Amino acid sequence: MKLGLLGHAPSSYDDTFMTRMAGAYLAQTPWTRLRLAAVRDLVEPQPGDRVLDLGSAGGAVTHFLTTFGCGAVGVDAEPRAVETASQLFPGLRFELADVTALPFGDASFDKAVAADLVEHLTDADLARMLSELARVLVPGGSLSIYTPNVRHPIEWLKERDLVLARNETHVGLRDAEGLDAALREAGFVIDRSDWRPSFFLGLRTLERMIGPRVEALRYRICLRARTPLDA
């Protein structure tokens, strides 16, 4: 039986998956700690920041950002996600909406974060989301992206359903170059391009040694881009 890194790879995001995601956050699993450390590093959350959490799922990143004093809002197109997040974190705001049609006014947010989201978006939907973010972010506002690297061996195995199960919802796995091009096409200015090694002990050591020179050994892509100041 093949497993995903959070258990059985989902064909859809049902109640079981949402509960598992929330549980990983509450238990502070190695996968979660890696993810949150990258989010903190990219977003640089400050008290009073208005931050939009795109694809908020069980609400983990939304809640995490509020611990720094941010006014974070989660948005997800899956009703189960919004329901789960609202139950777990009743004092926080979660909106049911598609990231390609955000229900917010112009310049409503200082920052946005897409942690493990863009791999679920087709090229067309990614372009639409970026267009919406250019509208709802303030001039100079930042978008932070944390996503799997399509070139990494783990993604190679998953795509071929070898050892690790294929994730059928990953319709938009990309490399850093592809994401960089999409952001620039949408008018964003790349502010930071980085990566993270995995949390698997032996593999992590190899990634740290060779990853700086070999893109295929960069487990997660970490990008930050900004809207133009004269937008």
Side-chain angles (χ1 to χ4, degrees), residues 3-6 9 24-25 28-46 51 53-55 60-61 64-65 68 111-121 123 126-127 129-130 133 140-167 169-228:
L3 297 177
L5 297 183
L6 280 175
Y25 173 59
Q28 289 292 294
T29 64
W31 181 86
T32 294
R33 292 196 301 272
L34 177 72
R35 185 178 190 236
L36 295 182
V39 166
R40 181 178 183 178
D41 192 38
L42 286 168
V43 176
E44 297 183 330
Q46 300 295 323
V51 188
D53 177 18
L54 300 152
V61 170
F64 177 67
L65 292 170
F68 299 95
K111 301 174 179 179
V113 58
D116 294 304
L117 170 69
V118 298
E119 64 270 23
H120 301 283
L121 303 178
D123 288 345
L126 176 61
M129 182 189 79
L130 294 177
L133 288 171
S142 68
L143 165 62
S144 297
I145 295 176
Y146 174 81
T147 186
N149 174 15
V150 69
R151 299 184 184 277
H152 194 275
I154 285 178
E155 299 307 324
W156 188 92
L157 290 170
K158 287 162 66 175
E159 176 61 25
R160 290 155 182 81
D161 211 28
L162 297 172
V163 184
L164 294 170
R166 178 186 296 114
N167 189 326
T169 70
H170 282 187
V171 297
L173 284 165
R174 301 171 178 87
D175 58 16
E177 183 179 359
L179 281 171
D180 185 292
L183 287 161
R184 293 182 190 278
E185 178 68 21
F188 283 79
V189 178
I190 306 301
D191 179 68
R192 183 171 176 181
S193 181
D194 202 352
W195 59 280
R196 287 291 185 279
S198 67
F199 55 89
F200 304 105
L201 293 180
L203 180 58
R204 181 181 179 88
T205 300
L206 184 64
E207 290 166 335
R208 284 176 164 171
M209 291 174 56
I210 304 177
R213 301 185 302 278
V214 179
E215 183 184 1
L217 285 176
R218 300 171 187 175
Y219 176 63
R220 283 291 191 271
I221 296 167
C222 299
L223 285 176
R224 188 172 67 197
R226 295 186 182 275
T227 57

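Since we're looking at a predicted model, the values are computed, not measured. Note: hydrogens, waters and symmetry copies are ignored here, and every other heavy atom, side chains too, is used.
- Summarising the geometry of A112 relative to L54, their closest heavy-atom pair is CB-CD1, 4.1 Å, with the distance given to 0.1 Å.
- Using a 4.5 Å heavy-atom cutoff, the side chains of L206 and L217 are in contact.
- Contact between L173 and P148 at its shortest, heavy atoms only, is CD2-CB, 3.7 Å.
- Residues L36 and Y25 form a side-chain contact, since some pair of their non-hydrogen atoms from C-beta on lies under 4.5 Å apart.
- Residues N149 and Y219 have side chains not in contact (no heavy-atom distance under 4.5 Å, counting atoms from C-beta outward).
- Enclosure of atom CZ in R204 by more than 12 non-hydrogen atoms of other residues, nucleotides or ligands within 6.0 angstrom is indicated.
- For H170 (side chain) and E119 (main-chain N/O), no donor-acceptor pair under 3.5 Å exists by modelled atom type.
- Of the candidates L126, D180, T147, I221, L126 is the only one forming a side-chain contact (heavy atoms from CB on, under 4.5 Å) with R174.
- Contact record, C222 with A38: SG-CB, 4.2 Å, taken as the closest heavy-atom pair.
- Side-chain atoms of K111 never come within 3.5 Å of backbone atoms of S144 as a donor-acceptor pair (strictly under, hydrogens ignored).
- Between the CZ atom in R33 and the CZ atom in F199 there is a gap of 9.5 Å [rounded to 0.5 Å].
- No hydrogens or angles considered: a donor-acceptor pair under 3.5 Å links the side chains of H152 and E207.
- Of the possible polar contacts, none joining the R192 side chain to the R224 backbone as a donor-acceptor pair under 3.5 Å is found.
- The side-chain heavy atoms of V61 and R35, taken from C-beta on, include a pair separated by under 4.5 Å.
- Side-chain N or O atoms of T227 include one that pairs as donor or acceptor with a backbone N or O of G141 at under 3.5 Å.
- The side-chain heavy atoms of D116 and R220, taken from C-beta on, include a pair separated by under 4.5 Å.
- For the pair E177 and E215, the minimum side-chain heavy-atom distance is 4.5 Å or more.
- For R218 (side chain) and P197 (main-chain N/O), no donor-acceptor pair under 3.5 Å exists by modelled atom type.
- Between D41 and Y146, the closest side-chain pair of non-hydrogen atoms is not below 4.5 Å.
- Looking at L130 and L183, their side chains come closer than 4.5 Å, going by heavy atoms from C-beta outward.
- Of all non-hydrogen atoms in P45 and L65, the two that sit nearest each other are CB-CD2, 4.1 Å.
- Here the shortest heavy-atom pairing between V39 and A115 reads CG2-CB, 4.0 Å.
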Query raised in the report: Could you go step by step and tell me if M129 and V118 meet the side-chain contact (heavy atoms from CB on, under 4.5 Å) rule?
Result: CA-CA 9 Å; M129 182 189 79; V118 298; 4.1 Å; yes
